[in-house]
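Chain naming here is simple, since letters A, B, ... match the order of the sequence lines and numbering starts at 1 in each.
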There are 2 protein chains.
Amino acid sequence: MSKSPAPVLIAESCCPPLTDARIPADTALALAPAFKALGDPVRLQLMSMIASAPDGEACVCDLTPAFDLTGPTISHHLRTLREAGLVTAERRGTWVYYRAQAGLMRQLAGLLAVDALVS
Amino acid sequence: MSKSPAPVLIAESCCPPLTDARIPADTALALAPAFKALGDPVRLQLMSMIASAPDGEACVCDLTPAFDLTGPTISHHLRTLREAGLVTAERRGTWVYYRAQAGLMRQLAGLLAVDALVS
DNA sequence: CTTCTGCTTAGACGAGTGTCAACCTAGACT
DNA sequence: AGTCTAGGTTGACACTCGTCTAAGCAGAAG
């Protein structure tokens, strides 16, 4: 657990919207994996279930049965989200709990922000 | 041009944040392709260049030389963005101009929004 | 009409991805 | 010790993706 490759986190100062300035290649390279991780319906749902969980964390034992997929497959998707820096995992006794990383989510949301005026 | 498969657009009413409610499978299925399209560094930069262009549109002739890739490859990435519903293309004379679709961008940003209070 | 330029399409190839069955590890409990 | 359960890991498979070269198409300009 927690031996993910430590996704290159962008300077914590959050990102100017895509619409405001051209993204530097480095930033694109660092953030694309997070978008990529969200680019699968199963992972998008997993992310949603984790982020919206009552106490901010969800047990794998609750996530797995929600899909028509085998355990290993869900585990694989969770690992992808972990390696993208979107969630963290913590084992407590028998169960493993996943928690969303709000910082990165905010960073992505900030990138996509569009000034309502322009549109 | 414009013969893209018309990405299933979610009801225009925008999305409750991921953190608020569990995403329905249909919504995840419809929105995942957009995230997937942004999940490549080249496309993320292309999207940024288009969205931040002076008049809201960018000419392919300006986009292509910004990368160390062949024309067809850039064209392929632009098609992916088009089919994801993130941009639209318009030919004017010799050149083709791409424009960002603010609606979908806002939808994605809304999904990732995190209430500052919680976190 | 012919030619040139800007962009897209078609086909091919190696690399990556989603899925599964089989196996393995970590804790809890006898 | 042994056993059970929750998850993760491995290895395999078909499929998709990013990239290229080569060919095609649409306007503009001879």
Side-chain angles (χ1 to χ4, degrees), chain A residues 1-5 7 25 28-29 32-47 49-50 53 57-84 86-99, chain B residues 1-5 7 25 28-29 32-47 49-50 53 57-84 86-99:
Chain A
M1 212 70 47
S2 82
K3 64 171 172 180
S4 307
L29 212 67
F35 283 118
K36 188 175 186 178
L38 293 174
D40 179 280
V42 173
R43 287 195 294 266
L44 200 48
Q45 282 186 85
L46 280 171
M47 195 66 204
M49 295 172 72
I50 295 168
E57 63 182 11
C59 175
V60 176
C61 59
D62 291 329
L63 299 174
T64 305
F67 298 86
D68 207 17
L69 295 169
T70 64
T73 297
I74 297 299
S75 189
H76 160 71
H77 284 305
L78 287 173
R79 186 227 278 262
T80 301
L81 289 173
R82 235 186 303 141
E83 292 182 345
L86 284 164
V87 301
T88 54
E90 184 195 354
R91 163 161 231 140
R92 280 208 301 280
T94 308
W95 295 282
V96 177
Y97 295 89
Y98 278 77
R99 186 175 285 274
Chain B
M1 215 68 49
S2 84
K3 66 171 170 179
S4 307
L29 211 67
F35 282 117
K36 188 175 186 176
L38 293 174
D40 179 279
V42 173
R43 287 195 294 265
L44 200 48
Q45 282 187 86
L46 281 171
M47 195 66 204
M49 295 172 72
I50 294 168
E57 64 182 11
C59 174
V60 176
C61 60
D62 291 330
L63 298 175
T64 305
F67 298 86
D68 207 17
L69 295 169
T70 64
T73 298
I74 298 298
S75 189
H76 160 72
H77 283 305
L78 288 172
R79 186 227 277 261
T80 301
L81 289 173
R82 234 186 304 141
E83 292 182 345
L86 284 165
V87 300
T88 55
E90 184 196 354
R91 163 161 232 141
R92 280 207 301 280
T94 308
W95 295 281
V96 177
Y97 295 88
Y98 278 78
R99 187 175 285 274

Protein-proximity profile, nucleotides 24-30 of chain D, B/S/- by nucleotide at the 4.0 Å heavy-atom cutoff, equals ---SS--
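In this structure, B:Arg82 is not positioned above the aromatic face of B:Tyr98 in the sense of NZ or CZ being under 6.0 Å from the six-membered ring centre and within 45° of the axis.
Using a 4.0 Å cut-off, no side-chain N or O of A:His77 falls inside it from OP1 or OP2 of C:dT17. Contact annotation: B:Arg79 reaches the phosphate of C:dT9 (side-chain N/O to OP1 or OP2, under 4.0 Å). Remark: B:Tyr98 is not in phosphate contact with C:dC7, judged by side-chain N or O atoms under 4.0 Å from OP1 or OP2.
Of all heavy-atom pairs between A:Val87 and A:Leu78, the closest is CG2-O, 4.3 Å. Smallest separation of non-hydrogen atoms from B:Pro33 and B:Ala84: O-CB, 4.0 Å. When every heavy atom of A:Ala34 is checked against every heavy atom of A:Leu86, the shortest pair comes out as O-CD1, 3.7 Å.
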Pick out the pairs of N or O atoms, protein on one side and nucleotides 11-17 of chain D on the other, that lie under 3.5 Å.
from, atom 1, to, atom 2, distance (Å)
D:dC17, OP1, B:Lys36, NZ, 2.9

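In this structure, the OH atom of A:Tyr97 is 17 Å from the C1' atom of D:dG8, given to the nearest Å. Atom CG in A:Leu44 sits roughly 13 Å away from atom P in C:dG18 (whole-Å rounding). When rounded to the nearest whole Å, the span between CH2 of A:Trp95 and C1' of C:dA26 equals 13 Å. Atoms CD (A:Glu90) and P (D:dA6) sit 19 Å apart, rounded to a whole Å.
Considering only residues two or more places apart in sequence or on other chains, A:Thr70 meets the side chain to side chain contact (heavy atoms under 4.5 Å, CB included) condition with A:Pro72, A:Thr73. Judged as a side chain to side chain contact (heavy atoms under 4.5 Å, CB included), and not counting sequence neighbours, B:Ser75 has no contacts.
Taking a 4.0 Å limit (strictly below) on heavy-atom distances, residues 59-75 of chain A reaches DNA chain C at A:Leu69, A:Thr70, A:Pro72, A:Thr73.
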All N/O donor-acceptor pairs, side-chain side in residues 61-68 of chain B, below 3.5 Å, sequence neighbours left out:
from, atom 1, to, atom 2, distance (Å)
B:Thr64, OG1, B:Val60, O, 3.0

Review item, side-chain donor-acceptor pairs of residues 39-47 of chain A, under 3.5 Å, at least two apart:
from, atom 1, to, atom 2, distance (Å)
A:Asp40, OD1, A:Val42, N, 2.8
A:Asp40, OD1, A:Arg43, N, 3.3
A:Arg43, NE, A:Ala37, O, 2.6
A:Arg43, NH1, A:His77, ND1, 3.1

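Residues A:Leu38 and B:Leu38 fail the side-chain proximity criterion, which asks for heavy atoms closer than 4.5 Å.
Note that the CZ atom of B:Arg91 and the OH atom of B:Tyr97 stand 11.0 Å from one another [nearest 0.5 Å].
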